[in-house]
Amino acid sequence: MSEENQTLAQRKEKAESLAQLGVNLYSNTFKPANAIEELLPKAENLEPQEKEASGASYSIAGRIMAMRKFGKAAFCSITDKTGQIQIYIKKDILGDEIFETFKKWDIGDIVGIQGILFKTKVGELSIQAREITMISKSLRPLPDKWHGLTDVETRYRQRYVDLIVTPESREIFKKRVQIIHLIREYLNNHDFMEVETPMMQPIPGGATAKPFQTYHNALDMDLYLRIAPELYLKRLLVGGFERVFEINRNFRNEGLSTRHNPEFTMLEFYQAYATYEDLITLTEEMISGICEKVNGSMHISYQGTEVDLTPPWTKMTMDEALMQVAGIDAEILADDEKVMALAAKKGIQLEKQAGPGKAKTELFELEVEEKLINPTFITSYPTEVSPLARRNEQDPSVTDRFELFITGRELANAFSELNDPMDQLQRFEKQINDRGDDDEIHPELDRDYVRALEYGMPSAAGEGIGIDRLVMLLTDAPSIRDVILFPHLKPETRLQDGKGDTSDAS
RNA sequence: GGGUCGUUAACUCAGCUGGUAGAGUAUCUGACUUUUAAUCAGAGAGUCGCGCGUUCGAGCCGCGCACGACCCA
């Protein structure tokens with residue numbers, strides 16, 4: 001018998017003896033009539049040791065988080081999704097037989113309690129149990145009640161345990177739901193229509209990234225998990241849906257880090273007859289409004305850094321940012337060769353076909369990005385790095401595009417959409433010709449998308465916002481794994497060896 | 001891919017110069033009918049991540065591997 005099974009064995013013994021006493025260990029008939037949260041205000045008018053005058057009966061269900069046992073009485077802390085309350089168990093009230101079954105209860109069990117409300121002599125609202133029900137017997141011990149679960153690996157691998165014992169973790173995921181709900185509400189109120197477009201695409205487009213590949217047997221064809229929904233959402237603009245959005249998963253077959261998970265949640269939205277400047281206003285309003293609703297203020301702290309989300313936010317062109325933040329001379333930026341030379345001097349390695357636009361973008365990422373703490377829109381991205389964005393009317397070497405940076409991280413990317421099918425076709429062709437030696441990136445000409453544009457797409461602007469990064473910002477989470485319920489990790493060798501298994505065979 | 005750090009009881013962690021493994025919580029037994037990190041007395045619990053090496057002797061030293069964290073690309 002392995003060491004871990006010692007506790008398991010003790011609990012299984014308890015479970016067996018409870019069963020012999022006639023207790024159903026996994027009863028499914030108990031229906032709690034009350035949420036713990038709604039009982040707590042009833043304590044206001046009670047004096048210590050006073051019972052609620054009405055003598056009303058309440059019933060709750062939840063997990064036992066702590067127990068303080070005496071010989072013939074006990075207190076248990078019970079948690080449900082709304083809060084925590086103390087129950088008082090007394091042998092006199094329950095009777096000898098029921099009290100015997102209570103003695104086999106453990107921290108971690110899920111139980112149902114029916115009883116009356118009273119305040120203890122130290123003034124804590126409690127339920128004096130009249131009837132008790134075992135709903136689910138727990139066989140594994142919970143982590144240390146005082147220190148909790150600090151090992152991040154276990155928190156990610158066994159999120160269910162993390163959620164049981166780490167209130168902060170529960171709060172982050174509740175906030176995540178709230179944030180996504182508020183985004184939907186905002187966009188619905190602005191007449192956007194939520195749609196679903198393919199997750200499996202024959203040509204993975206809309207971004208440059210390595211896709212996950214899969215195979216469809218019946219059609220005998222390769223498919224790719226999408227790296228972006230962009231090209232499908234814009235087909236809907238062609239179709240006449242003038243405001244669309246999608247909140248869903250993208251998949252990129254690249255490295256993992258505190259800011260990257262292979263599957264991540266993206267908001268993309270497209271608005272006909274709008275420009276990227278309209279989206280600047282929309283973005284400021286939506287994100288600052290959500291922050292205020294979720295955090296009660298537009299001033300937040302992210303990992304010790306103060307951030308002010310009060311609009312309006314700073315706007316700069318990429319050239320301005322390179323001059324003002326990185327201190328690069330205007331003279332250099334105006335000269336393609338000098339830009340290339342500077343990038344080389346900074347140790348940036350560029351592909352052969354890369355031009356000054358790519359060099360500027362790389363310089364920006366190296367010298368500017370991490371310094372943009374308060375929200376900053378960077379505009380006028382080089383056309384070279386923006387294959388789907390509309391060229392600027394005055395200066396066709398740049399596009400009508402912005403990226404939004406907060407706490408040094410890219411949070412959003414938006415542009416006025418390119419709707420000229422001829423220009424789009426040429427840029428796709430250039431993109432494919434310029435493909436690097438990286439075979440895993442999959443540039444293939446999406447001829448159907450060009451055909452769609454040939455039918456006529458209205459002028460429009462579109463934006464993508466990384467939901468996980470937004471949630472990180474608004475919940476002060478240091479790692480993307482803190483805001484994704486089940487982040488990807490390498491397989492756990494321990495379980496494969498059978499050590500964490502419940503099997504009795506070991 | 002590179003570097004640094006980590007992996008010891010279910011949980012949180014100690015473990016000296018290399019000499020057969022410790023605490024608190026949790027668990028078990030006993031006492032205890034208003035406690036709240038309950039208290040008191042006692043007990044059980046470990047393949048020291050895995051493997052190889054050095055050594056009379058390795059949790060500790062060396063090499064390799066696995067997993068994780070952080071930084072860099």
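Residue numbering restarts at 1 for every chain, and letters A, B, ... go by the order of the sequence lines. On a predicted model such as this, the values are computed, not experimentally measured, just so you know.
- Of the C1' atoms belonging to B:G62 and B:U55, the separation is 12 Å, rounded to the nearest Å.
- Listed pair A:Ser257 / B:C71 fails the phosphate criterion, with no side-chain N or O lying under 4.0 Å from OP1 or OP2.
- The pair A:Arg176-A:Asp468 meets the salt-bridge criterion, since a charged nitrogen lies less than 4.0 angstrom from a carboxylate oxygen.
- The aromatic rings of A:Tyr88 and A:Phe118 sit tilted, their planes meeting at an angle between 30° and 60°.
- At whole-Å resolution of the value, NZ in A:Lys69 and C1' in B:C40 are 17 Å apart.
- Separation of the C1' atoms belonging to B:A69 and B:A26 is 27 Å when rounded to the nearest angstrom.
- Side-chain contact check for A:Phe99 versus A:Ile93: every heavy-atom pair is 4.5 Å or farther apart.
- Residues A:Phe405 and A:Phe364 bring their aromatic ring centres within 6.0 Å.
- Comparing the P positions of B:U25 and B:C65 gives an interatomic distance of 41 Å, to the nearest angstrom.
- Contact annotation: A:Thr120 side-chain N/O to B:U35 OP1/OP2 distance is not under 4.0 Å.
- Following rounding to the nearest Å, A:Lys72 (NZ) and B:U33 (P) show an atom-to-atom distance of 5 Å.
- Residue A:Lys145 is classed as a sugar-phosphate contact, given heavy-atom separations below 4.0 Å to backbone atoms only.
- In summary, A:Lys346 and A:Glu362 do not engage in a salt bridge, as defined by a charged side-chain N under 4.0 Å from a carboxylate O.
- Aromatic stacking is marked for A:Phe75 over B:U35, as both cut-offs hold: 5.5 Å for the centres and 30° for the planes.
- If A:Gln86 and A:Asp106 are placed on RNA chain B by their nearest nucleotide, the residue sitting closer to the 5' end is A:Asp106.
- A donor and an acceptor atom sit less than 3.5 Å apart, one in the side chain of A:Asp144 and one in the base of B:G24.
- Taking atom P in both B:A41 and B:C50, the straight-line distance is 36 Å, to the nearest Å.
- Within the nucleic acid shown, A:Ser77 has no heavy atom closer than 4.0 Å to any nucleic acid atom.
- Projected onto RNA chain B by closest heavy-atom contact, A:Lys90 and A:Gly123 fall at different nucleotides, the more 5' of which corresponds to A:Lys90.
- Between the CD1 atom of A:Ile87 and the P atom of B:U33 there is a distance of 18 Å, rounded to whole Å.
- Phosphate contact (OP1/OP2 of B:U35, side-chain N/O of A:Arg68, threshold under 4.0 Å): absent.
- Going from the P atom of B:C70 to that of B:A58 covers 35 Å, rounded to whole Å.
- The pair A:Lys360-A:Asp319 meets the salt-bridge criterion, with a side-chain N (NZ, NE, NH1 or NH2) lying under 4.0 Å from an Asp/Glu carboxylate O.
- If you measure from atom NZ of A:Lys104 to atom C1' of B:U29, you get 12 Å, rounded to the nearest angstrom.
- Of all nucleotides listed (B:A10, B:U36, B:U12), B:A10 comes nearest to the side chain of A:Pro141.
- A:Phe99 comes within contact range of no nucleotide atom at all, as no heavy-atom separation falls under 4.0 Å.
- Annotation: B:C13 and B:G6 have their C1' atoms spaced 13 Å apart (nearest Å).
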Candidate pair A:Asp106 and A:Lys137, rule salt bridge (charged side-chain N to carboxylate O under 4.0 Å, His left out), full reasoning:
CA-CA 8 Å; A:Asp106 289 302; A:Lys137 188 83 186 109; 2.7 Å; yes

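- Where RNA chain B pairs in unbroken runs of 3 or more (Watson-Crick or G-U, both distances under 3.5 Å), the stems are B:1-7 with B:66-72, B:10-13 with B:22-25, B:27-31 with B:39-43, B:49-53 with B:61-65.
- Residues A:Arg481 and A:Asn261 bring no donor and acceptor atom of their side chains to less than 3.5 Å of each other.
- Rounded to whole Å, the distance from CD on A:Gln303 to P on B:C70 is 11 Å.
- Atoms CZ (A:Arg155) and C1' (B:A10) sit 18 Å apart, rounded to a whole Å.
- Per the geometry, NZ belonging to A:Lys103 stands 16 Å off P belonging to B:U27, to the nearest Å.
- Using a 4.0 Å heavy-atom cutoff across all strands shown, A:Gly255 reaches no nucleic acid atom at all.
- Contact of A:Gln10 with B:U27 (side chain to base): no donor-acceptor pair of N or O atoms is detected under 3.5 Å.
- Counting non-hydrogen atoms under 4.0 angstrom, A:Leu489 reaches the backbone sugars and phosphates but no base.
- The distance from atom CG of A:Asp162 to atom P of B:U12 is 12 Å, rounded to the nearest whole Å.
- Backbone-only contact: A:Arg481 has heavy atoms under 4.0 Å from sugar-phosphate atoms and none from a base.
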What do the steps show when you test A:Lys119 against A:Glu50 for salt bridge (charged side-chain N to carboxylate O under 4.0 Å, His left out), and what is the final call?
CA-CA 6 Å; A:Lys119 246 188 185 176; A:Glu50 187 187 357; over 6 Å; no

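- For B:G68, one of the phosphate oxygens OP1 or OP2 lies less than 4.0 angstrom from a side-chain nitrogen or oxygen of A:Arg157.
- A gap of 14 Å separates the C1' atoms of B:A10 and B:G44, to the nearest Å.
- Closest to the A:Val122 side chain, of the nucleotides B:U36, B:C70, B:U27, is B:U36.
- Considering only heavy atoms from C-beta on, A:Trp105 comes within 4.5 Å of A:Met134 through its side chain.
- Here the side chain of A:His147 is nearest to one of B:U12, B:C71, B:U34, namely B:U12.
- Comparing B:C70, B:A37, B:U35 by their nearest atom to the side chain of A:Phe70 picks out B:U35.
- Using a 4.0 Å heavy-atom distance criterion, A:Gln49 is classed as making no nucleic acid contact.
- Atom C1' of B:G59 sits at a distance of 8 Å from the matching atom of B:A21, rounded to the whole Å.
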